[in-house]
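To keep things clear, I will list the structure first and then write my remarks on it.
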Amino acid sequence: MNFYGIYYIIMYAPDEIQTFSDSKSTMATIPQIFIVFFRVGAFTLGGGWAMVSVLRHEIIVKRTWISEDDFSQELAIATTLPGAMVLNFSMLSGHRMRGAPGAAAAFLGAVLPSFIAITMVAMFLFPFFSHSTVAAFLRGAAAAVAGLLAHVAFTMFKPMMARATYLIAAIVAALLASIPAVNPIFALILVTSAVFWKLKAEKPAPSGVNKETGADGGKGET
Amino acid sequence: MNLFDLLVSFMIIGVGAFGGGFTTIPLIEHEIVGVHGWITAAELSELIAIAQMTPGPIGLNAATYTGFRVAGFWGAIVAMIGYTLPSITFCATLIKLLAGLTGASWMNTLKKSVQPAVAGLIIAAVLMYGRAAVADIYAAILAVSAFIVLIASRDKVHPIAVILCGGVAGIFIYG
């Protein structure tokens, strides 16, 4: 057993497929979408937000399948809709990448590992979790996931420091959503509306043509 | 109890579960333990533990495991379908609705407006998750190291590798 070989297959297999297509293409194929979402679903402990952190690395950083702006928008919609946030996110971003088949591939990729893992656990593996080594592994992994989430929060918060409006809005949203009695969706809608109203008020004329690219996360506007 | 009742129950849970994971579990408690009595409260705590320890979304894991406990393999499939069906329906509807609006200039403004709120929500999620996962000084050191590795490597290190390394370190610390 070549340990590095296994690591390589787990982490980088879809990149090999990609190199045979157009060199600079950022268009994902349906099997690539499925493989990436399946892998994230299969190896990410810690639930939905941890999966979003890993997906961000996979589809924005490592491959440029969707833009930061679209990622945030998809994430906001995914949180607002009912159901598991990361499954909504998978469908919406899959659709953004490759239409309805992309949405189906991303959704199935995200759902199947969970289903397989749960049925395996329910049928055979339940005593496995009470094993002390496994419990220790899971505790360590959970701590690392906290660091991972903090990293994504940091990278998404950093661009907000460019403008006072964004900075204040992000802090208010974080505080509101931290109050247990407040539904995060309420925080999301309230803060988004406030920022939207502010941006609308600032814009003197509707000349939004040069903002079509919009990949700078709002930093370019002064 | 038949599979159709199970499907309907999980569709109700799927519609009510805004925000996923931790809103799903109280709903399962109400619908499956309280209303139908298909599983016991003791089994519920077992299922919460398992949903968190297996990879994937916690709400989906909880739903699938409950379905399995109630009606075996087909129960798991029915619970999974019931739980995700509302989510699929809402997403598909929204995608259709948004399709006509992509060019509108206010949509571009909205895309920018949503970013601070999303950043804020993730910060809130980190704080909530961190309080549960970082229970002692070793966990704090692991979390900070994971954060530093990810920042310092400028996204070269894969996050899954960081999670697995954390697990291996956990074996040495807690094993």
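Not measured: the values here are computed from a predicted model. Every chain is numbered from 1 and lettered A, B, ... according to where its sequence line falls, protein lines coming before strand lines.
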Winner by heavy-atom pair count (cut-off under 4.5 Å) against chain B, out of A:Val191, A:Leu75, A:Leu190, A:Leu148:
A:Leu148
Using heavy-atom distances under 4.5 Å, tell me whether A:Val145 contacts chain B through its side chain, its backbone, both, or neither.
both
Is any side-chain heavy atom of B:Leu164 closer than 4.5 Å to one of A:Phe137?
yes
Selection from B:Ala119, B:Gly170, B:Gly130 maximising heavy-atom pairs under 4.5 Å formed with chain A
B:Gly170
Proximal component of B:Ile148, with respect to chain A [non-hydrogen, under 4.5 Å]
neither
Need one label for A:Ile77: side chain, backbone, both or neither, based on atoms under 4.5 Å from any heavy atom in chain B.
side chain
Nearest 0.5 Å, what's the CD1-CG distance between B:Ile122 and A:Leu149?
8.5 Å
Nearest atoms (heavy-atom pairs only) where B:Tyr65 meets A:Ala122:
CE1-CB, 3.7 Å
So how far is it from B:Met80 CE to A:Leu112 CG, rounded to the nearest 0.5 Å?
7.0 Å
Go through B:Asp136 and A:Arg139 one step at a time and tell me if the side chain to side chain contact (heavy atoms under 4.5 Å, CB included) criterion holds.
CA-CA 11 Å; B:Asp136 56 28; A:Arg139 266 180 91 176; 3.2 Å; yes
Most contact-rich option vs chain B, by heavy-atom pairs under 4.5 angstrom, among A:His57, A:Arg96, A:Arg56, A:His95, is A:His57
Which region of B:Val134, side chain (C-beta onward) or backbone (N, CA, C, O), has a non-hydrogen atom less than 4.5 Å from a non-hydrogen atom of chain A, or is it both or neither?
side chain
At a heavy-atom distance under 4.5 Å, which candidate from B:Asn61, B:Thr54, B:Ile123 has the highest pair count against chain A?
B:Asn61
Once rounded to the nearest 0.5 Å, what's the spacing between atom CD1 of B:Ile95 and atom CE of A:Met91?
8.0 Å
How many angstroms lie between atom CD1 of B:Ile163 and atom OG1 of A:Thr44, to the nearest 0.5 angstrom?
5.0 Å
With a cut-off of 6.0 Å (strictly less than), are more than 12 heavy atoms of other residues, nucleotides or ligands near OH of B:Tyr138?
no
Answer key: most heavy-atom pairs under 4.5 Å with chain B among A:Val61, A:Thr119, A:Ile189 is A:Val61
Crowded around B:His36 NE2? As in, over 12 foreign heavy atoms under 6.0 Å?
yes
Any idea which of A:Val134, A:Val40, A:Val111, A:Val152 has the most non-hydrogen atom pairs under 4.5 angstrom with chain B?
A:Val111
A:Trp49 side chain reached by B:Val126 side chain, heavy atoms, under 4.5 Å
no
Heavy-atom distances under 4.5 Å only: say whether A:Val52 touches chain B with side chain, backbone, both or neither.
neither
Note: vs chain B, highest number of non-hydrogen pairs under 4.5 angstrom among A:Thr80, A:Ile118, A:Leu167, A:Thr133 is A:Ile118
So which residues of residues 169-177 of chain A are in contact with chain B at a heavy-atom cut-off of under 4.5 Å?
A:Ala169, A:Ala170, A:Ala173, A:Ala174, A:Ala177
Side chain to side chain contact (heavy atoms under 4.5 Å, CB included) assessment of B:Leu121 paired with A:Thr79
CA-CA 9 Å; B:Leu121 284 198; A:Thr79 317; 3.8 Å; yes
Does the side chain of B:Gln115 reach to within under 4.5 Å of the side chain of A:Met156, using non-hydrogen atoms?
no
Report the distance from atom CG of A:Leu45 to atom CE of B:Met53, rounding to the nearest 0.5 Å.
10.5 Å
With rounding to the nearest 0.5 angstrom, report the CG to OG distance, B:Leu60 to A:Ser114.
4.0 Å
Side chain from CB out, backbone as N, CA, C, O: work out which of these in B:Leu127 comes under 4.5 Å of a heavy atom of chain A, or both, or neither.
side chain
Can you tell which part of B:Leu98 gets under 4.5 Å to a heavy atom of chain A, answering side chain, backbone, both or neither?
side chain
Under a 4.5 Å cutoff for heavy-atom pairs, which residue among B:Phe90, B:Phe172, B:Tyr129 has the most contacts with chain A?
B:Tyr129
Below 4.5 Å, heavy atoms only, C-beta onward: do A:Phe107 and B:Thr84 meet side chain to side chain?
yes
Among B:Gly72, B:Gly166, B:Pro116, single out the residue with the greatest number of heavy-atom pairs under 4.5 Å to chain A.
B:Pro116
Heavy-atom closest pair, residues A:Leu188 and B:Ala117:
CD1-CB, 3.8 Å
Winner by heavy-atom pair count (cut-off under 4.5 Å) against chain A, out of B:Pro57, B:Cys165, B:Gly175, B:Ala51:
B:Pro57
Side-chain contact test, heavy atoms from C-beta onward, threshold under 4.5 Å: evaluate it for A:Thr192 versus B:Ser113 and give yes or no.
yes
Would you indicate whether the side-chain heavy atoms of B:Ser87 and A:Leu81 approach each other to under 4.5 Å?
no
Which atoms of A:Ala76 come close to chain B, meaning under 4.5 Å heavy atom to heavy atom: side chain ones, backbone ones, both, or neither?
both
Counting heavy-atom pairs under 4.5 Å with chain A, which one of B:Ala169, B:Ala124, B:Gly67, B:Ala140 comes out on top?
B:Ala124
Where do B:Pro159 and A:Val54 come nearest, in terms of heavy atoms and distance?
CB-CG2, 3.9 Å
Interface residue of largest heavy-atom contact number with chain B, from A:Ala135, A:Ala150, A:Gly48, under 4.5 Å:
A:Ala150
